[in-house]
Every structure is written in structure tokens, then in C-alpha cells.
Amino acid sequence: MARVPELPEVESVRRQLRPRLVGRRILAVDAVSRGRLHDVARAAGHRVLDVRRRGKYLIAPLDGGLELVGHLGMTGSFRMRGEDGWVPDAYVRASLRLDDGVLDFRDVRRFGMLRVTPAGDYSAMSTLARLGPEPLSAEFDPVGFHRRLASTRMPVKPFLLSQRPVAGVGNIYADEALWRSRVSPRARHVGRLRARALWAAVREVLAEAIEREGTTFRDYRLVDGQGGRNGGHLRVYGRAGLPCVRCGRPLAKTVVGGRGTTYCRVCQRR
DNA sequence: CTAACTACCTGAACGC
DNA sequence: TGCGTTCAGGTAGTTA
């Protein structure tokens with residue numbers, strides 16, 4: 001089962017992190033793990049100005065022209081030391097010592113990332129550098145989305161997961177949006193009407209999941225340790241073999257672009 | 001330039 | 001019970 005933080009999960013974490021961090025000074029960063037922690041010690045002495053999000057990336061501008069960029073990977077979470085009964089365990093990869101507490105970055109599988117970089121310099125993060133528009137912003141429009149889909153021969157699902165046509169869609173919400181818009185995950189040509197339907201579906205599934213503070217299967221946790229409430233609302237992800245709620249036929253499970261993919265063979269024809 | 005591959009990581013689920 | 005194998009998956013790096 002999945003536990004992948006995608007845009008709604010990262011946005012929910014951002015909303016809890018922001019009031020805890022803005023205005024705080026980072027005294028030091030203790031990097032416990034040798035994993036994907038880059039230049040994190042450079043954050044020492046700098047004050048947090050904001051906590052923003054682009055796609056699945058958390059971006060905290062610091063004074064002095066720096067940014068702390070974070071990615072939860074598969075299993076990353078942030079917890080405040082001593083809040084809600086949180087006690088650090090063996091999976092804490094880095095700890096930010098603040099002027100009023102300690103923020104722990106916990107990450108079982110070490111796919112998460114923390115990096116301090118000059119503001120706006122994403123040259124070491126190619127996906128962030130080439131990230132598509134925010135799905136819930138006006139820059140994400142159906143005409144431009146259709147144009148982007150027509151610019152590649154990749155199957156639509158792997159193209160969505162590349163983060164280039166739109167930011168923040170991962171495996172769960174890709175399957176959900178494709179099912180809603182009746183687009184086959186393997187489609188290499190998406191017409192204007194189907195592109196518009198997919199555009200609307202992407203926005204709907206993400207907005208609804210944000211309202212429920214994300215989808216939790218196991219590892220994803222909010223800063224207060226709670227899980228999201230979107231799990232019971234998924235229509236296809238994790239429901240392989242169960243009946244499609246639209247047509248009643250069993251949902252199929254396959255692999256597209258190397259990813260497990262659940263879809264309806266009847267509703268989502270090419 | 002794009003697209004397709006692989007490595008990274010480790011607990012859970014599965015098979016015998 | 002216990003051990004080995006397979007699976008999950010986002011990103012970055014490499015190769016074609």
C-alpha cells in the first residue's frame with residue numbers, strides 16, 4: 001500500500017509548519033543521516049521568512065538570500081520535539097534547532113531531501129527547475145495543458161508524473177484524475193475535450209484531497225502526528241479487483257511507465 | 001533536446 | 001516459526 005506524499009499532503013504539512021516556523025531563527029542543523037541532506041548546516045543563524053510550496057517541494061525562504069528546500073520523498077515527515085507526544089526515534093535524519101524548539105525531519109526510506117540553496121537556484125534539483133504550473137493556480141489552464149500533452153509522445157500517465165505538464169501529481173492522484181476524466185493511462189494522444197476533462201479532474205481530486213488534509217495509508221503524517229482523511233474517498237487507487245463505482249466492472253491493475261496503475265478497462269478506453 | 005533506464009532505501013507482504 | 005524474495009515509488013543521474 002502506498003504512503004506517498006503528493007501535493008495535497010505537502011500542502012497540509014505546509015499549513016501546519018508555517019505558523020511554527022515563520023519568524024523563528026535556526027540556531028543549528030544536526031544532520032544525522034548521510035542521505036539526501038545538502039548544505040543544511042548553512043541554514044544556521046538564519047531566520048525563516050515564510051514556508052511555501054511548489055508542487056511537492058516545501059520551500060522556506062530564509063533571511064540572507066537563502067532557501068531551505070525540502071521534499072518528503074516517500075516517507076518523510078516533520079515533527080516538533082515534544083509536541084503531541086512526539087519523541088525522536090531511529091528514523092530522524094535531521095533536526096533543526098530553533099530559538100524556541102526543535103523540528104525533526106523523520107524519513108524511514110531516506111527518499112526525502114533537505115537542501116539549503118541560494119534563493120531561486122534550483123540547478124541541483126532538475127525536477128523543481130522544470131516544474132509545471134501549480135494545478136490550482138490560473139497559470140494552469142486547459143488550453144496550455146492540452147498543448148503540453150500534445151507536445152510529447154509519452155503515455156499520459158508517465159508524463160503527468162514527470163511534473164512537467166502540471167506540478168504535484170503523483171501516483172495516487174494521477175490514477176484518480178485519469179479515472180474521473182475517463183482517460184486511459186496509456187493514451188499517447190489526448191484530444192482537446194479529453195484534455196479539458198483531465199485538467200478539471202486534476203484540479204478536483206487535488207482540491208478535494210487538500211480539504212481532507214491528504215490521503216494516509218501508513219507513513220504520511222501531518223506535523224501534529226495525525227493522518228489525512230482522504231483515504232476513504234479514493235475511487236481507483238488501492239481498489240484493484242473491486243468493482244468500478246461507475247460501471248461495476250472490476251478495476252484492473254497493471255504497470256505503466258514502471259508504476260503500478262489501477263484503472264477501469266471499460267470506462268477508460270484509448 | 002527528449003525519453004528510457006537504473007539506483008537509492010527499507011518495512012511490509014508474500015511464499016515455502 | 002523463520003528465512004528469503006518481491007514490492008512500493010519520487011527523484012536524480014546516466015545512457016541512448
Side-chain angles (χ1 to χ4, degrees), chain A residues 1-11 13-14 31-40 53-59 69-78 89-94 105-115 117 121-132 135 147-178 185-190 202 206 209 214-221 227 231 234 236-241 253-263:
Chain A
M1 262 316 142
R3 40 266 187 214
V4 188
E6 304 182 27
L7 186 148
E9 291 71 35
V10 178
E11 175 62 19
V13 169
R14 186 195 74 83
V32 181
S33 165
R34 289 190 214 90
R36 299 176 179 178
L37 304 171
H38 309 279
D39 302 320
V40 289
R53 179 191 56 72
R54 271 290 279 138
K56 305 173 198 173
Y57 293 81
L58 289 162
I59 302 178
V69 180
H71 197 292
L72 299 178
M74 299 276 296
T75 54
S77 62
F78 288 100
D89 61 14
Y91 302 114
V92 171
R93 308 306 183 190
F105 179 58
R106 179 179 191 267
D107 185 18
V108 172
R109 292 195 183 171
R110 304 182 207 244
F111 275 28
M113 180 271 298
L114 288 180
R115 178 188 294 272
T117 185
D121 177 7
Y122 306 139
S123 52
M125 297 168 281
S126 57
T127 302
L128 177 56
R130 307 183 56 196
L131 202 59
R147 196 161 45 228
R148 280 173 182 259
L149 292 183
S151 73
T152 181
R153 288 187 179 186
M154 286 175 72
V156 62
K157 179 174 174 182
F159 190 48
L160 283 175
L161 296 183
S162 77
Q163 308 299 302
R164 282 179 283 152
V166 61
V169 176
N171 207 37
I172 295 174
Y173 299 112
D175 279 4
E176 293 298 316
L178 289 165
R186 288 198 177 84
R188 291 176 187 270
H189 300 284
V190 180
V202 165
L206 294 178
T215 302
T216 295
F217 281 94
R218 187 175 302 113
D219 292 311
Y220 161 67
R221 284 290 178 275
L234 299 181
V236 282
Y237 192 89
R239 298 194 67 246
K253 177 85 183 263
T254 184
V255 175
V256 180
R259 309 277 168 218
T261 299
T262 307
Y263 72 111

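Quick note: numbers below take in every heavy atom, side chains included, and nothing from hydrogens, waters or symmetry partners. Chain naming here is simple, since letters A, B, ... match the order of the sequence lines and numbering starts at 1 in each.
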(message) Based on the rotation axes of five pairs at each end, what angle does the helix from dT2(B)-dA16(C) to dC16(B)-dG2(C) bend through, to 10°?
(response)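 Result, rounded to 10 degrees: 50°.
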Quick one: do the [X] and [Y] side chains pair a donor with an acceptor below 3.5 Å?
X: Y173(A); Y: E9(A); value: yes
X: T261(A); Y: K253(A); value: no
X: T254(A); Y: R186(A); value: yes

Value in whole Å for how far the [atom2] atom of [N] lies from [atom1] of [X]:
X: Y91(A); N: dC9(B); atom1: OH; atom2: C1'; answer: 11 Å
X: L149(A); N: dT2(B); atom1: CG; atom2: C1'; answer: 16 Å
X: R106(A); N: dT10(B); atom1: CZ; atom2: P; answer: 13 Å
X: R109(A); N: dG11(B); atom1: CZ; atom2: C1'; answer: 6 Å
X: D107(A); N: dC8(B); atom1: CG; atom2: P; answer: 16 Å
X: R110(A); N: dG11(B); atom1: CZ; atom2: C1'; answer: 13 Å
X: L37(A); N: dC8(B); atom1: CG; atom2: P; answer: 17 Å
X: L160(A); N: dG9(C); atom1: CG; atom2: P; answer: 15 Å

(request) Would you indicate, yes or no, if dG11(B) has its OP1 or OP2 atom less than 4.0 angstrom from a side-chain nitrogen or oxygen of T75(A)? (result) no
(message) Please confirm whether the shortest side-chain N or O distance from K253(A) to OP1 or OP2 of dA8(C) is below 4.0 Å.
(response) yes
(request) Output yes when K157(A) and D175(A) qualify as a salt bridge under the 4.0 Å nitrogen-oxygen rule, no when they do not. (result) yes
Detail all sub-3.5 Å separations between protein N/O atoms and N/O atoms belonging to nucleotides 11-15 of chain C.
from: dT11(C); atom 1: OP1; to: H71(A); atom 2: NE2; distance (Å): 2.5
from: dA12(C); atom 1: OP2; to: T127(A); atom 2: N; distance (Å): 3.2
from: dA12(C); atom 1: OP2; to: T127(A); atom 2: OG1; distance (Å): 2.8

(request) When you get a sec, tell me which of dG10(C), dG11(B), dA4(B) is the closest nucleotide to the side chain of M154(A)? (result)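 It is dA4(B).
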(message) Would the distance check show the side chain of Q163(A) and the main-chain N or O of G55(A) forming a donor-acceptor pair, the cut-off being under 3.5 Å?
(response)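 Not a single qualifying donor-acceptor pair exists.
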(message) Please check: side-chain N/O of E176(A) versus main-chain N/O of V236(A), any donor-acceptor pairing under 3.5 Å?
(response)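 Present.
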(message) Is there a side-chain contact between V13(A) and L72(A) in this structure, where contact means two heavy atoms from C-beta onward sitting under 4.5 Å apart?
(response)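 Yes, side chains in contact.
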(request) With the side chain counted from C-beta on, respond yes when P135(A) and V169(A) share a heavy-atom pair under 4.5 Å apart, and no when they do not. (result) no
(request) Would you classify K157(A) as touching base, sugar-phosphate or nothing, given that sugar-phosphate means primed atoms plus P, OP1 and OP2, and contacts are heavy atoms under 4.0 Å? (result) nothing
(request) Look at the rings of F78(A) and F105(A) and say which category their plane angle falls in: under 30° parallel, 30 to 60° tilted, over 60° perpendicular. (result)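 Ring orientation, 0 to 90° scale: tilted.
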(message) Quick check on DNA chain B: between S151(A) and R93(A), whose nearest nucleotide comes earlier from the 5' end?
(response)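 The residue mapped nearer the 5' terminus is S151(A).
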